[in-house]
Amino acid sequence: MLDIRLIREQPDFVKSRLATRGGEDAAKIDEVLRVDAERRKTETVLQQCNADRKRLSKEIGAKRATGEATEEIEARVREIGEEVARLNEQTSAADEQQRELLLGIPNLPHANVPAGKDANDNPVVRSWGEKPELKDPLDHVALGTKLKLFDLERAAKLSGSGFICFTGPGARLERALIQFMLDLHTREHGYLEMSPPFLVRRECMIGTTQLPKFEEDMYGLEEQQLFLAPTAEVPVTNYHREEILAASELPKKFVAYTPCFRREAGSAGRETRGILRVHQFDKVELVKITTPETSYAEHESLTADAERVLQLLGLHYRLIELCTGDLGFGSAKTYDLEVWSPGQNAYLEVSSCSNFEEFQASRMNLRFKDADGKNRFCHTLNGSGLALPRLFAALIETYQRADGSIAIPEKLQPYFGADEIR
RNA sequence: GGUGAGGUGGCUGAGUGGUCGAAAGCAGCGCUUUGCUAAAGCGCCGUACCCCAAACGGGUACCGAGGGUUCGAAUCCCUCCCUCACCGCCA
């Protein structure tokens, strides 16, 4: 969340940066300032009362020791006590209100993020490879059905629409991709592999900004007060929550494969054909915890690490930068990686690489000790490396052959154990 | 799930109602002594927040979390969370 001190000291700057996102957050800033001023006023009075009570209580102790009467002071302290209780309630209510307001205000876009209204204004940063030349390519649903790589109808029988059941060579290809990506990131890019819990506490979901704003998109277990993680970002970034790390151990680089659970409320009809938008999918996720000084360099290298997957698999892609109006709630800067899908005749988002700066760290109280011994918030970053179903779709569509079989890219063959599917 | 023990500062560990934000030791930082190493002595050494133009200034809160009792709670009571041990159940 945003630093209340920054809001206090430079409200106009904060408002103008938020305005580039296109929302109406200026009113929230005014509201939070009002609550903050009120809160500090009562807090000062409260602290004065507490000081009085503390002093007088000690006096009672001293007088009792010498046998002096204390009834009068006791009565006074009791009065102050009532006042304290009242003010206490007021301050903690204001505290809570302030935190709630702050949790609902999005991050400031980094100064160099291109201004824009929506996805149409996202500039292409670079692209790699070429669109494959295919005559009447089948899309992944046709291919997958024909070669029995997955079964969407039977998956719906199990869990409803929006679920996939990979089968036979499809299941094996999925697993091969996961293994391939984990090996690449751990062996060549220096990430530490994690296999975290998939169910997480509410505080974690607040820490990485899924809550409180996007609760309707999350699956939760009401009774147990746990949520199904919509991405490994949640358990992995929160791994060090409430900790003070040594500057020397930063940056920390984690890679984790997990299933991801998303309700996708309100997205019915959009990109819902086949396996492109589902309620449960697998993903390999990259997470970094860094110092503020290095986070943007680490952001570039994290993005490059994700791109490497597509390069090694020989899949055409482009990298776009999200403009201010399209930026996610907690992000200061984001690159989206889009792979080419011959079947859709479109680019599919397979990774979103973001630098959250201290937005998440402040929510989860994740800090490090700097060279001067001061505790400062870390910066957190993450990006998919990559999301499986769309990668799967782009891969089988790109490598389909005229005879209906699918070639397996060379780098993947050792993992898949064959050079084609037919 | 049951029973029992426990959760105090970076660590170890005292503290069972008053002057305790908390003894002591270790680690860390600074200074002094010393030919070097070692050792010794002295001092500093938690976090968050509030007031102040600012300070090596003043203040409040925090002893797992939240409530309660009391003039006053690390200390007493209740609820919850977590850790450990044993038992039960289980992949």
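These numbers were taken from a predicted model, which means no experiment stands behind them. Reminder, nothing fancy here: chain letters follow the sequence lines and each chain counts from 1.
Between A/D36 atom CG and B/rC51 atom P the separation is 9 Å, expressed in whole Å. The distance from atom CD of A/E203 to atom C1' of B/rC81 is 10 Å, rounded to the nearest whole Å. Note: CD (A/E96) to P (B/rG66) measures 12 Å, nearest angstrom. Distance, A/L46 CG to B/rC62 P: 11 Å, rounded to whole Å. For A/R55 and B/rG18, the CZ to C1' distance is 16 Å, given to the nearest whole Å. One can place CD of A/E82 at 14 Å from P of B/rG68, the figure rounded to the nearest angstrom. One interatomic measurement links the two molecules: CD of A/E71 to P of B/rU70, which rounds to 17 Å at whole-angstrom precision. Regarding A/E243, its CD atom lies at a distance of 17 Å from the C1' atom of B/rG46, rounded to whole Å.
Using a 4.0 Å heavy-atom criterion, one finds that A/R376 contacts no nucleic acid atom at all.
Remark: A/R53 is in phosphate contact with B/rG72, judged by side-chain N or O atoms under 4.0 Å from OP1 or OP2. Between A/K54 and the phosphate of B/rC71, there is no side-chain N or O to OP1/OP2 separation shorter than 4.0 Å. Close to B/rA48, at under 4.0 Å from its OP1 or OP2, lies a side-chain N or O of A/R367. Proximity of A/N375 to the phosphate of B/rU47: a side-chain N or O atom is located under 4.0 Å from OP1 or OP2. Proximity of A/R40 to the phosphate of B/rC52: no side-chain N or O atom is located under 4.0 Å from OP1 or OP2. OP1 or OP2 of B/rC71 has not a single side-chain nitrogen or oxygen of A/R76 nearer than 4.0 Å.
B/rC76 and B/rU16 are spaced 9 Å apart, taking the C1' atom of each and rounding to whole Å. Using P as the reference atom, B/rU83 and B/rC29 are 34 Å apart when rounded to the nearest Å. For the P atoms, the distance from B/rC52 to B/rC42 is 41 Å, rounded to whole Å. Spacing between B/rG6 and B/rA91 at atom P, rounded to whole Å, works out to 34 Å. Between B/rU75 and B/rU19, the two P atoms lie 13 Å apart (nearest whole Å). B/rG10 and B/rC36 have their C1' atoms separated by 32 Å, with the value rounded to a whole Å. Atom C1' of B/rC80 sits at a distance of 24 Å from the matching atom of B/rC89, rounded to the whole Å. The C1' atoms of B/rG30 and B/rG21 are separated by 24 Å, rounded to the nearest whole Å.
Across all strands shown, B/rC87 is found opposite B/rG1 as a Watson-Crick or G-U wobble partner, with both distances under 3.5 Å. Under the Watson-Crick or G-U wobble criterion, with both distances below 3.5 Å, B/rG72 is left unpaired in every strand shown. Pair check for B/rG43 finds B/rC29; Watson-Crick or G-U wobble, both atom distances under 3.5 Å. Across all strands shown, B/rU79 pairs with B/rA65; the Watson-Crick or G-U wobble distances both stay below 3.5 Å. Across all strands shown, B/rA55 remains unpaired; no Watson-Crick or G-U wobble contact has both distances below 3.5 Å. In this structure, B/rG17 makes no Watson-Crick or G-U wobble pair, since no nucleotide meets both defining distances under 3.5 angstrom. Base pairing annotation: B/rA24 forms a Watson-Crick or G-U wobble pair with B/rU12, both donor-acceptor distances under 3.5 Å. Across all strands shown, B/rA38 has no partner, as no Watson-Crick or G-U wobble contact with both distances under 3.5 Å is found.
Set against B/rC50, B/rC71, B/rC82, the side chain of A/Q47 has B/rC50 as its closest nucleotide. In the set B/rC50, B/rA61, B/rC71, B/rA61 carries the atom at the smallest distance from any side-chain atom of A/N50. Minimum atom distance to the side chain of A/K58 is reached by B/rU19, of the listed B/rU19, B/rC49, B/rG72. In this structure, of B/rC82, B/rG72, B/rC50, it is B/rC50 that holds the atom nearest to the side chain of A/T44. Nearest to the side chain of A/R201, among B/rC50, B/rC81, B/rC71, sits B/rC81. When distances run from any side-chain atom of A/K369 to the nucleotides B/rU47, B/rG59, B/rC71, the shortest one goes to B/rU47.
Partner of A/R376 under the salt bridge (charged side-chain N to carboxylate O under 4.0 Å, His left out) criterion, chosen from A/E357, A/E358, A/E293: A/E293.
From A/Y335, atom OH reaches atom OG of A/S354 across 11.0 Å, with rounding to the nearest 0.5 Å.
In this model, a donor atom of one side chain and an acceptor atom of the other lie less than 3.5 Å apart for A/T380 and A/Q360. Between the side chains of A/E420 and A/Y399, no donor-acceptor pair of N or O atoms lies under 3.5 Å. Side-chain atoms of A/T186 and A/E193 include no donor-acceptor pair closer than 3.5 Å.
One finds no salt bridge joining A/D52 and A/R76 here, because no Lys/Arg side-chain nitrogen approaches an Asp/Glu carboxylate oxygen to under 4.0 Å.
Residues A/Q48 and A/R5 both approach RNA chain B. Their nearest nucleotides, taken by heavy-atom distance, put A/R5 toward the 5′ side.
Taking the six-membered ring for Trp and thresholds of 30 and 60 degrees, A/H279 and A/F163 have ring planes inclined between 30 and 60 degrees apart. Using a 30° and 60° split on the angle between ring planes, A/H189 and A/Y191 fall in the perpendicular class, above 60°.
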